[in-house]
J.: 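Below are the structure tokens for one structure; questions will follow.
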2 protein chains.
Amino acid sequence: MAASSGVGLRELTRRAVRTQIAETAMELFVAKGYEETTVDEIAAAVGISGRSVFRYFPTKEDIVVGLLDGIGDELAAALAARPRDEPPWVALRNAMTPHLDSLTRDSDRTIATAMLLADTPALRGALLAKRARWAEALVPDISRRLKLPPARRDLAARSLVGAALTCLNNAVDDWARSNGRKPLAKLLDTAIAAVRG
Amino acid sequence: MAASSGVGLRELTRRAVRTQIAETAMELFVAKGYEETTVDEIAAAVGISGRSVFRYFPTKEDIVVGLLDGIGDELAAALAARPRDEPPWVALRNAMTPHLDSLTRDSDRTIATAMLLADTPALRGALLAKRARWAEALVPDISRRLKLPPARRDLAARSLVGAALTCLNNAVDDWARSNGRKPLAKLLDTAIAAVRG
DNA sequence: CTAGTTCTGTCAGCGACTGACAGCCAAGGC
DNA sequence: GCCTTGGCTGTCAGTCGCTGACAGAACTAG
């Protein structure tokens, strides 16, 4: 079974190979473009067979958007940590703060990914699908904060969360287009204020 | 050149074949599922070659979401027709009314499409990408209605439009899940009210 | 050392999608 | 009447993403 640490040695090498594939692929994508880069080319650059790439990533798209996999759970955890009587919009905004920090922390990687997502239509769909899954993780908490009859509660919560994530996306896009110069938190506040206008 | 009517005879037959492909494909998708239906099967059912399907639709996804192609322009036109001093949220809500009517008019087709989109992940990404293109058509108008410094105007408009379209999507989903029983307009109002909380 | 698990490369195949080529058929000039 | 032109079509061949199956290598446990 597992050693004294939480994860076994096998899981460790797996993660190493996984990040190696992701980093090599990102370099190629930025250099040549996403659609112009073949999975076999990525595999050759890493030194493995093309088949093995799909043993670490379910799809080619996931090599890019897989980086954003844990964010939904992070946001949900941050949201659950907010006081129970905090109103929905405030709780959502505050729950995003740690995520904003982690985005600005390695801004180079974030901006590169955002740029790649911006001018690759095929990836945009995948990103939006990922965002929809984040929403699913946040809806139950927001639903609990709403004081509405049960018939309306779910629709209201889904719309609220969707609007909040749209604001987050637009703020990050704007921030990336400014090369990280504009303050991300203020952009998010501007977006939210406009929606609540 | 063209005859007395606006469109030539060639364009007419083209549209006929196009709708024929779309209708046949939708029947097969509903019966067998989207991913389980091959493009060649659709072609065979119509009586053309598989290659020709791609001469009418750029991708297999577009056979489904192509039906929603004109909606973005319709919404933009309806929005442009609203009084110039109408506030953004009110103008967006009112601009959606004709679209709501056309959705409820042939509710059977709308519900079937919504159901198909709901349980086909591959199509969801395409739908969200389409919705993003609708947003592009609405942003300039909303941007004009906002009284904000230019630095914030674009981000605010994009977020506002994105939030409104999220409300529309969620309302239609809820409406379709209720088999068209709940009043669609009220659902949309509920969603918008929740976002403006 | 052995037995069992896990990983890997290779091969074969499906389906979406594209480019190229040749044949068909309607529209228009002679 | 004929012939040319242009668009539509089917066929063929090929690329790429992705999957299942198999056999061998490597590592782990006893």
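Just so it is clear, the values below take in all heavy atoms, side chains as well, and ignore hydrogens, waters and symmetry mates. Computed from a predicted structure; not experimentally measured.
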J.: Could you tell me whether B/R109 atom CZ has more than 12 heavy atoms of other residues or ligands within 6.0 Å of it?
T.: no

J.: First locate atom CD1 of B/I192, then atom CZ of B/R93, and finally report the distance between them rounded to the nearest 0.5 Å.
T.: 6.0 Å

J.: A/T59 side chain to A/D62 main-chain N or O, any donor-acceptor pair under 3.5 Å?
T.: yes

J.: For A/I42 and D/dC18, give me the distance from atom CD1 to atom P, rounded to whole Å.
T.: 10 Å

J.: CZ of A/R152: more than 12 outside heavy atoms within 6.0 angstrom?
T.: no

J.: Rounded to whole Å, how long is the line connecting atom CD of B/E41 with atom P of C/dC14?
T.: 14 Å

J.: Whole angstrom is fine here: how far is it from CD in A/E61 over to C1' in D/dC18?
T.: 12 Å

J.: For B/K32, look at atom NZ and say whether over 12 heavy atoms of other residues, nucleotides or ligands are found less than 6.0 Å away.
T.: yes

J.: Which value, rounded to the nearest 0.5 Å, describes the distance between A/R133 atom CZ and A/D73 atom CG?
T.: 9.0 Å

J.: Once you round to the nearest 0.5 Å, how far does CG of A/L79 lie from CZ of A/R144?
T.: 9.0 Å

J.: What nitrogen or oxygen pairs link the protein and nucleotides 7-11 of chain D at under 3.5 Å?
T.:
unit_1	atom_1	unit_2	atom_2	d
D/dT9	OP1	B/Y56	OH	2.9
D/dT9	OP2	B/Y56	OH	3.3
D/dG10	OP1	B/S49	N	3.1
D/dG10	OP2	B/S49	N	3.2
D/dG10	OP2	B/S49	OG	2.8
D/dG10	OP2	B/S52	OG	2.4
D/dG10	N7	B/R55	NH1	3.1
D/dG10	O6	B/R55	NH2	2.7

J.: Does any N or O in the side chain of B/T120 come within less than 3.5 Å of the main-chain N or O of B/L116, such that one atom is a donor and the other an acceptor?
T.: yes

J.: Polar-atom pairs under 3.5 Å, protein N or O versus N or O of nucleotides 15-17 of chain D: list them with distances, or write none.
T.:
unit_1	atom_1	unit_2	atom_2	d
D/dG17	OP1	A/K60	NZ	2.9
D/dG17	OP2	A/V39	N	3.3

